[in-house]
Engineer: 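What follows is a single structure, and I will ask about it in a moment.
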There are 2 protein chains.
Amino acid sequence: MASIPAQAPHAQRKSDRTRQAVLDAAARLFARRGYAGTNLSDVAAEAGIKTGSLYYHFDAKDELVYEVLRFGIAHSFEHARAAVDALGPHASAGPQLRAAIEAHLASLHDLGDYALAGLRIVEQAPQPIRRNQYANQRRYGEYWQTLLERAQSEGILSAGVDLLALRLFLFDAMNGTVTWPASAQRSSSELADQLMRLVTRA
Amino acid sequence: MASIPAQAPHAQRKSDRTRQAVLDAAARLFARRGYAGTNLSDVAAEAGIKTGSLYYHFDAKDELVYEVLRFGIAHSFEHARAAVDALGPHASAGPQLRAAIEAHLASLHDLGDYALAGLRIVEQAPQPIRRNQYANQRRYGEYWQTLLERAQSEGILSAGVDLLALRLFLFDAMNGTVTWPASAQRSSSELADQLMRLVTRA
DNA sequence: GTCTATATAGAGATAGAC
DNA sequence: GTCTATCTCTATATAGAC
């Protein structure tokens, strides 16, 4: 699965390129084998270096998982907010919600293994990292909650809908797309259409 | 988190009770720490025995994860099908779909850590076990697909809906409820109402 | 920056006493 | 059925040469 650089593209000293290769390998293996199941020898081998050399770039295994998790959610949050903001300050809640949904779906696709890892191994990460990740998720969730509240006040959701439940359903539905079988792959735009059809009143 | 017996209640020889305690502990730890992150000493300690004694009940760690995964999906499938069948052979698709949704949600609640483990560690399990679990998931998915096809042919879904996408969205939305925060807990019946509101046409 | 070599700890699994 | 004791392997992390 493809993945995107966690660093700005201009940061391409040799050290940065290796560091990036290590992170990409870690994301891929964390997603498939879990946190404890991923060993650093395999990460190093996939990044084209030896195990001992990892420690020039990272102090410990914890740091790898921290970077992978943090980057994933930051990327999604930034993209969703940017897509909403791009509609301008006077956009109504329907288009904003659709933009956020499509951007979140697209960000998951961009993230590749970083998204998979982020969704699968949070609970397995060491406690301080897990806590930090939960805090980031909470902030992102609150952002979505405001989008949904505005949608409801503008009357585009069905009456009597449970907003908190709706947000959690929507999030799991969106995030689940990263594990859909190949036969079910659809563009972010198509998926956003389908989700808007479910979430908003006909 | 509570969990339910993986064996019939009448099977309560001492050996069976210990075996059950081991499986419950394994489910709890697999769900929190992943497959590789769960060590057998901790499983044994939580079941009230020493590590070596585990091997009287199970040949290897693989066998533990196999039992935990297999039991979870079997339980959900049985409950969903039983709830649909209980409506009788002439029930229409709307009530059938609602019964399946509520039964699936209730089964997840019953399963407790078995459900969490089943959702989180499939990818981390050894290949033969993973393959078997995917096959079971596929069969269960096909069952849901037929329910949704009947619902569509009876006209209770919105027009132009993508049935495969709908099933996958619905599944992830239902399964995600097991990780909802305490503040968002709702009964299976309430959750089923909300999901039916999203899935069916107003 | 990356290598080889190694210290140290912890894992799964087995053997045999009770 | 459960225990203690132990084998063997593999993991993270460190040290120092290049």
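Predicted model, so just to flag it, every value in this text is computed and none were measured. Chain identifiers are assigned alphabetically (A, B, ...) following the order of the sequence lines, protein sequences preceding nucleic acid strands; residue numbering begins at 1 within each chain.
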Engineer: Within the 4.0 Å heavy-atom criterion, would you say A/T51 contacts the bases, only the backbone, or no part of the nucleic acid?
Structural biologist: nothing
Engineer: Considering only heavy atoms from C-beta outward, does the side chain of B/E123 approach that of B/Y35 to under 4.5 Å?
Structural biologist: no
Engineer: I want to check one thing: is the phosphate of D/dG1, taken as OP1 and OP2, less than 4.0 Å away from some side-chain N or O of B/T18?
Structural biologist: no
Engineer: Would you indicate what B/K61 reaches in the nucleic acid, counting non-hydrogen atoms under 4.0 angstrom: base, sugar-phosphate, or nothing?
Structural biologist: sugar-phosphate
Engineer: Rounded to the Å, how far apart are A/D42 CG and D/dT12 C1'?
Structural biologist: 13 Å
Engineer: Return no unless some side-chain N or O of B/S53 is found under 4.0 Å from OP1 or OP2 of D/dG1.
Structural biologist: no
Engineer: Has A/Y56 got a side-chain N or O lying under 4.0 Å from the OP1 or OP2 atom of C/dT2?
Structural biologist: no
Engineer: Grab the CZ-C1' distance between A/F58 and C/dT2 for me, whole Å please.
Structural biologist: 15 Å
Engineer: Compare the minimum distances between each of D/dG1, D/dA13, C/dG1 and the side chain of A/A60, then state the nucleotide with the smallest one.
Structural biologist: D/dA13
Engineer: To the nearest Å, how far apart are B/Y55 OH and C/dA13 P?
Structural biologist: 4 Å
Engineer: Can you see whether A/Q20 engages A/D24 through a side-chain donor-acceptor pair at a distance of less than 3.5 angstrom?
Structural biologist: yes
Engineer: Quick test of your reading of the model: are A/E67 and A/R70 salt-bridged, counting only N-O distances below 4.0 Å?
Structural biologist: yes
Engineer: Could you state the atom-to-atom distance from CD of A/E63 to P of D/dT12 in whole Å?
Structural biologist: 15 Å
Engineer: Report which part of the nucleic acid B/A36 touches: base, sugar-phosphate, or nothing (heavy-atom distance under 4.0 Å, all strands).
Structural biologist: nothing
Engineer: Rounded off to whole Å, could you give me the CG-to-C1' distance for the A/N39 and C/dA9 pair?
Structural biologist: 16 Å
Engineer: Mind calculating the distance between CD1 (B/I49) and C1' (D/dT4) to the nearest angstrom?
Structural biologist: 14 Å
Engineer: Below 3.5 Å, can you tabulate the donor-acceptor pairs from side chains in residues 160-170 of chain B to any protein atom, sequence neighbours excluded?
Structural biologist:
residue	atom	partner	partner atom	Å
B/D162	OD1	A/R186	NH2	3.1
B/D162	OD1	B/L164	N	3.3
B/D162	OD1	B/A165	N	3.2
B/D162	OD2	A/R186	NE	2.4
B/D162	OD2	A/R186	NH2	3.1
B/R167	NE	B/G141	O	3.4
B/R167	NE	B/Q145	OE1	2.3

Engineer: Select one nucleotide: of D/dA13, C/dT2, C/dG12, the one nearest the side-chain heavy atoms of B/L40.
Structural biologist: C/dG12
Engineer: Rounded off to whole Å, could you give me the CG-to-C1' distance for the B/D59 and C/dT14 pair?
Structural biologist: 12 Å
Engineer: Kindly say whether B/I121 contributes a backbone atom to a donor-acceptor pair with the side chain of B/R130 at under 3.5 angstrom?
Structural biologist: no
Engineer: Give the nucleotide from the list D/dT2, C/dC3, C/dG1 with an atom nearest to the side chain of A/K14.
Structural biologist: C/dG1
Engineer: When the distance from NZ of A/K50 to P of D/dA13 is rounded to whole Å, what number comes out?
Structural biologist: 19 Å
Engineer: Among C/dC3, D/dT4, D/dG1, which nucleotide sits nearest the side chain of B/S15?
Structural biologist: D/dG1
